[in-house]
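Written out below as structure tokens is the structure these notes cover.
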Amino acid sequence: MELLDQISFNLQNGFDKIVASLTKDAVEKQIPPKEILSNGLIAGMNIVGEKFKNHDIFLPDVLLAARAMNGAMEVLKPLLIKEGIPIRGKVVIGSVKDDLHDIGKNLVAILLKGAGFEVIDLGNDVPAEKFISVAREENAHVIGMSALLTTTMPVMKKVVDLAKDEGLFGKIRIVIGGAPVSKEYALEIGADAYSYDGANAVETVESFFPANSQ
Amino acid sequence: MIVDFAPEDVDLDRAAILRSQGIPEEAEFTENFELIYEGAIELFQKLAEPAGIIVGITISEFKEVFRGEGLNEPENPVEDIYRKSSYLALFAVTLGPVLSSKVTGLFDNGDYASGYMLDSVSSYAADKLTDLAAQHLQSELAVKEPAASSWRVLSYSPGYCGWNISGQKKLFEVLHPEEIGITLNESCLMIPVKSLSGVLIAGAGEIHEFVNSYPFCDTCRTKSCIERMRDLK
């Protein structure tokens, strides 16, 4: 089995230490980082995504693969930056102010990283202003917000309104999710999209970047 | 009354836990998946500190608690059900702070799969703990009132069935769940996160039956009323 196929295979099985070690081997063998990323890591994650969709594997298996992907990215990221290879997209993500639930948000962050996006995770209890300021400073492409309480959902509208006020609306796409949130609510507050789960959030964010889809 | 439970009191039904993750009964699992599941069960048994508080309340007193901040849906099933009850009690249950911290710690350390599974097991267990509180109340009532053994005790919580989440504030004022370590933040979120609160409504099974066609039923994600009403039969 070729080295990149081995990376893909071991990533699919969630063997994070082996994937990191094989990625280092690939770098030492002068395989271009972009090729390791595309034909090893993302190729593996794509298979994981397909198996997940087909119910051949389940979320814990996907999360193991994502951890392996993240470990390998620690090796590759400095090289990709050095070579000026653009990242797939940058996402600022967080649970909104006064909401301390973060499992769903964490899953989305992990899955987005696993899909090759750079994710800036602001954690939970994030004020509307912080979403905007960090997105601006980091030149983010997407803001992702999560709320699990109906009482905290209005913060999402505040972020959308702030983005409009600061001329960022349309430049930065805004995706919302969480148990009480709906497609209708996203429409009502003017968010770009609603995602109903982690896998759907990745598909939604990917749809914003059709040109560099892997 | 404060009720201490043991982790092993909570019946962790594997099929139900996996169903809550959207996994079908007939699914086959990888070896990794099995290890993660078993690890989460072990952690739960080791770290959970289940406790509950149950305080009886009259219908007229509960009317005020239920009114809360005045934000309930104008028509809701809880209003109809509690008025027909034979006994009411406010309750809160928690699995304690250590379990929640462990979930956070697992995610922080990059062990996402174990964090997710432990969170899932804990969410299921918190629901089961509410059932245990209901059973406890029923046993207590049956000692004083023989008819109580045939009653059905079901829980209803702010945030569901048209009872606005802001109702937590009034409920906490009367119940004092801080006695078992539960506090409420500004947005009515209970801390530790794996806690549940509400009212236990005891009475004949049929009082709990309603037609789930309220406007808010469309957006309800749990639809747990269907299963609960089916179990009444």
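We use all heavy atoms of the structure for the numbers below, so side chains are in, but hydrogens, waters and symmetry mates are not. Below, read A as the first sequence line, B as the second, and so on, with proteins coming before strands; counting in each chain starts at 1. All values derive from a computational prediction rather than experimental measurement.
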**Asked** So with a 6.0 Å cut-off around CZ of Phe172(B), is the heavy-atom count from everything else above 12?
**Response** yes
**Fill in**
Okay, Asp111(B) and chain A: the region with an atom under 4.5 Å from a heavy atom over there is both
**Request:** Measure the CZ-CG distance between Phe15(A) and Asn32(B) for me, rounded to the nearest 0.5 Å.
**Result:** 5.5 Å
**Complete:** Checking Thr104(B), Asp119(B), Leu118(B) against Ile103(A) for side chain to side chain contact (heavy atoms under 4.5 Å, CB included), the one that qualifies is Asp119(B)
**Item:** For chain B, the option from Asp16(A), Leu107(A), Thr152(A) that forms the most heavy-atom pairs under 4.5 Å
**Value:** Leu107(A)
**Under 4.5 Å from a heavy atom of chain A, the part of Leu71(B) involved** = neither
**Asked** Between Asn106(A) and Tyr116(B), is any side-chain donor less than 3.5 angstrom from a side-chain acceptor?
**Response** no
**Prompt:** Which atom names give the shortest non-hydrogen contact between His55(A) and Pro24(B), and what distance separates them?
**Reply:** ND1-CD, 4.1 Å
**Asked** About how many Å separate OG1 of Thr30(B) and CD of Gln12(A), when rounded to the nearest 0.5 Å?
**Response** 12.5 Å
**Asked** Given a strict heavy-atom distance threshold of 4.5 Å, which part of Asn70(A) is in contact with chain B: side chain, backbone, both, or neither?
**Response** side chain
**Message:** Please determine whether the number of non-hydrogen atoms from other residues, nucleotides or ligands lying under 6.0 Å from atom NZ of Lys157(A) exceeds 12.
**Reply:** no
**Item:** side-chain contact (heavy atoms from CB on, under 4.5 Å) between Ile110(A) and Phe107(B), intermediate numbers included
**Value:** CA-CA 10 Å; Ile110(A) 292 157; Phe107(B) 272 98; 3.7 Å; yes
**Request:** With sequence neighbours excluded, tell me which residues meet ring-ring contact (aromatic ring centres under 6.0 Å, His included) with Tyr82(B).
**Result:** Phe62(B), Phe66(B)
**Request:** Pick one of side chain, backbone, both or neither for Phe33(B), based on which atoms fall under 4.5 Å of a heavy atom in chain A.
**Result:** both
**Message:** Report which part of Glu31(B) has an atom under 4.5 Å of a heavy atom belonging to chain A: side chain, backbone, both, or neither.
**Reply:** neither
**Prompt:** Would the number of heavy atoms belonging to other residues, nucleotides or ligands and lying under 6.0 Å from NZ of Lys113(A) be above 12?
**Reply:** yes
**Prompt:** In terms of heavy-atom contacts, does CD of Glu35(A) have more than 12 from other residues, nucleotides or ligands at under 6.0 Å?
**Reply:** yes
**Fill in**
Heavy-atom nearest pair, Leu63(A) first then Tyr112(B), reads CD1-O, 3.7 Å
**Request:** For chain A, find which of Asn164(B), Val193(B), Leu189(B) contributes the most heavy-atom pairs closer than 4.5 angstrom.
**Result:** Leu189(B)
**Request:** Sort out for me which of Asp61(A), Ile57(A), Leu148(A), Asp197(A) touches chain B most, counting heavy-atom pairs under 4.5 Å.
**Result:** Asp61(A)
**Prompt:** Do other residues, nucleotides or ligands put more than 12 heavy atoms under 6.0 Å from Lys24(A) NZ?
**Reply:** no
**More than 12 heavy atoms of other groups within 6.0 Å of Glu178(B) CD** = yes
**Item:** Any residue of residues 4-22 of chain B which, by heavy atoms, sits under 4.5 Å from chain A
**Value:** Gln21(B), Gly22(B)
**Fill in**
On a heavy-atom basis, the closest approach of Pro60(A) and Ala113(B) is O-CB, 3.5 Å
**Per-residue contact mode, Phe29(B) against chain A (heavy atom under 4.5 angstrom)** = side chain
